[in-house]
Amino acid sequence: MIMMKHLAQKLAELLGPIGWLSGADAAGYSRDWLNRYGEPPLGVARPTSTAEVAAVVAACHDAGVPLTPQGGNTGLCGAAMLGKPGGVILSLSRMTKIGRPDRAAENIEVEAGVVLAALHEALNAHGLIFPLHLGAEGSAQIGGLIGTNAGGNHALRYGMMQDLILGLEVVLPDGRVWNGLRAVQKDNSGYQLRRLFCGAEGTLGVVTRAVLKLYPAPRNRATALLTIPDVSSLLAFGKRLRADACEFISGMEFFCDFGLDMALRHVHGLSYPLQERAPWYLLVEMTAGSALVPLEQILEAALADGLESGEVLDGVVAVNDTQRATLWRLREEQPEGQRLEGTQLKHDVSVPPGRLAEFIEQASVLCGRVLPGVRVNPFGHLGDGNTHFNLTPPLGQSGFGELASEFAQRIGALAGSLGGSFAAEHGLGRSKVSLADALRSPEERSLMAAIKQAIDPGNLMNPGAVLHQ
Ligand SMILES: Cc1cc2nc3c(=O)[nH]c(=O)nc-3n(C[C@H](O)[C@H](O)[C@H](O)COP(=O)(O)OP(=O)(O)OC[C@H]3O[C@@H](n4cnc5c(N)ncnc54)[C@H](O)[C@@H]3O)c2cc1C
C-alpha cells in the first residue's frame, strides 16, 4: 500500500497534473468500449515523450505495480483494461506527433498516440496513403493498432498492421528502450522483433514510435454495393471478381440483412440505396493509380455477369465520393448497430476464404442447436475469410444465460477444424484467454509462455491479457 502511494506521488511529480490523473479524472479510461471490462486504476499516466514513458514503466517495474498500455480504447476484447484494481493505465493519447512523410521511400515516422484518421488526413496533401482502414479509425491509435495487429477492410490488398510496419521503438518492461526505428522492408537481422511486438496486446512492452509503410494515393476508385441471394453466390462472385481484377481489388466486405436492419434502425444518418432488400450484401472497392484503368467498366462488366449467372440480384455503383462514403457506412456501422441492439456475443474467426460458406452454414446450425431462435449476424472481410460471427439473443430474450463460453468454444473449434483460427484480427485480450487455453496446442502455449517469461519475467506488462496471469 505504501509502495503504491509512493508510486502515485512519484508519477504525479514526474508527469504533472495533466499527465497524471486519478480518482474521478481517471474514470474515462477505466471501462472498455463495450463496457464489459475494467478495474479502478491507481491512476492514468499520460506521458508526452519516450523518455517519460520509460520513466513511468521503470517506476512501475521498481514498485512491482502492473501497467496496461492504452490507445484509443476501441479494442473489442478488453485488452486495454486492467485485470485487477490498483494498476497503472498508461495512455499514449498525448504522443501525437506525425513526422514528415519520406516521399521517395514512401514511409513516415509517427508517435504511438496518433489517431488513425488523423494520419489519413495528414497524408492527404502528400499524395500518399496509409492503407489501413476500420470502423474505429476516428479513435483507434497507431500503438493500439500495433498492439492488436489490426486487420481492417483493406487487409486483402495491403496486409495487416504487421505488414505495414518498417520499424518500431518500444519501451521494455524494465524501462529500457529498444530503438528499432529502421525504415526498410527487408531486415533479416535476426528474429523478427518488430513482428513480435505487433499483436502482443501490450504484454511485452509499450510501443512509443513506429515507421510505417505508405503507398501512392489511388487517383481512380470504383465502389459498388451488390445484393446477393446466398453465401455460395457471395463466394462465387468474389472468385469471379478476383479472376477478372485481383490486382485492383482493395476491399470485399460482406454483411447480412439482419446486420443491415440493426444498423438502419439504430445508427443515425444511414441510407440504403437499392429498392429491394436481400439476404446478403457485398461491398466491393477497386482502386488504381492511373485514371486510365477502366475500373468502373470492369466492375460493371463483372456485375452484369453476376446478374446473368444469378450470383447477384441487384447493384449500385457509386458515382461520387459522397455516395461512396454512404455505401461504406452501411458496412462500417455493423458493429455499432449490433451494439445498440443490446446484449451480444462477438466471435472473430477466420477460415480459408473458399470454406466460408461451409463455416457460416455449419456455425448457424450449431448455434441454433445451442440456443433455438438465436439470431446470427455474420459480417466481415470476404477476401481473407475473416468473419465476425456475432450473436443476438432470440426475440423476446435479453441475454444468453450461461452459454457464452459454449458458443465461443464451438464456433472457435469449428473454424479450427476447417483450417482457420478462433481469433482473427481483434486479438485475445481478456475475453478469449480461456478460449485460447482450450483451443491452442500445448506447444503453442508453452512457446508463448516462454516468450512472455523472457521479456517480462515479473509479469507486470498487462498481466492477464493473451495469457493467464
Ligand atoms: C466500430 C469498430 C470497428 C472495428 N473494426 C475493426 C476491424 O475492422 N479490424 C480490426 O482489426 N479491428 C477492428 N476493431 C477493433 C479495434 O478498433 C482495433 O483492435 C484497434 O487496433 C484498437 O486500437 P486502439 O488504439 O483503440 O487500442 P486499445 O483498445 O486502446 O488497445 C488495444 C490493445 O493494444 C494495446 N496497446 C495500446 N497502445 C499500445 C502501445 N502504445 N504499445 C503497446 N500496446 C498498446 C493495449 O494494451 C491493448 O492490449 C473495431 C472496433 C470498433 C469499435
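Please read these numbers as outputs of a predicted model, since none were measured by experiment. Here, residue 1 is the first one in the sequence, and each next residue gets the next number.
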So, taking the atom named [atom1] in [X] and the one named [atom2] in [Y], what distance separates them when rounded to the nearest 0.5 Å?
X      : Y      : atom1 : atom2 : value
Ile360 : Leu234 : CD1   : CG    : 7.5 Å
Leu34  : Met81  : CG    : CE    : 10.5 Å
Leu366 : Phe407 : CG    : CZ    : 8.5 Å
Leu11  : Glu52  : CG    : CD    : 10.5 Å

With Thr392, the side-chain hydrogen bond (donor to acceptor under 3.5 Å, both in side chains) member among Gln397, Gln338, Gln344: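 Per the side-chain hydrogen bond (donor to acceptor under 3.5 Å, both in side chains) rule, the option paired with Thr392 is Gln338, out of Gln397, Gln338, Gln344.
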State whether the side chain of [X] and the backbone N or O of [Y] hold a donor-acceptor pair below 3.5 Å, judged by distance alone.
X      : Y      : value
Asp174 : Ala58  : no
Arg331 : Phe255 : no
Glu201 : Gly429 : yes
Arg157 : Phe248 : yes
Gln334 : Leu330 : yes
Thr343 : Ser398 : yes
Gln70  : Ala80  : yes
Arg31  : Gly38  : yes
Gln185 : Asp163 : no

Look at atom [atom1] of [X] and say whether more than 12 heavy atoms of other residues, nucleotides or ligands are closer to it than 6.0 Å.
X      : atom1 : value
Arg445 : CZ    : yes
Arg36  : CZ    : yes
Glu402 : CD    : no

Student check: side-chain heavy atoms of [X] and [Y] closer than 4.5 Å:
X      : Y      : result
Phe422 : Ile411 : no
Trp20  : Asp25  : no
Phe197 : Ile146 : no
Glu361 : Val231 : no
Thr203 : Asp456 : no
Ile455 : Leu196 : yes

Ring pair (Phe, Tyr, Trp, His ring centres under 6.0 Å): pairs with one or both residues in residues 427-469, sequence neighbours excluded: none
Working note: Glu336 + Arg339, criterion salt bridge (Lys or Arg N to Asp or Glu O under 4.0 Å); need CA distance, chi angles, decisive distance, verdict. CA-CA 5 Å; Glu336 185 65 355; Arg339 184 177 78 94; 3.0 Å; yes
Is there a donor in the side chain of [X] and an acceptor in the side chain of [Y], or the other way round, less than 3.5 Å apart?
X      : Y      : result
Ser93  : Gln141 : no
Glu425 : His381 : yes
Glu285 : Thr223 : yes

Passes side chain to side chain contact (heavy atoms under 4.5 Å, CB included), Leu134 versus Thr74? Steps please. CA-CA 11 Å; Leu134 39 78; Thr74 68; 5.8 Å; no
Look at the aromatic rings of His426 and His388 and report parallel, tilted or perpendicular, splitting at 30° and 60°.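 Judged by the thresholds at 30° and 60°, the geometry between His426 and His388 is parallel.
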What pairs meet the side chain to side chain donor-acceptor pair (under 3.5 Å) rule with one or both residues in residues 116-133, with sequence neighbours excluded?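 Listed by first then second residue: His133-Glu137.
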Can you name the side-chain contact (heavy atoms from CB on, under 4.5 Å) partners of Thr68, sequence neighbours left out?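 Here the qualifying residues are Leu82, Arg430, Asn462.
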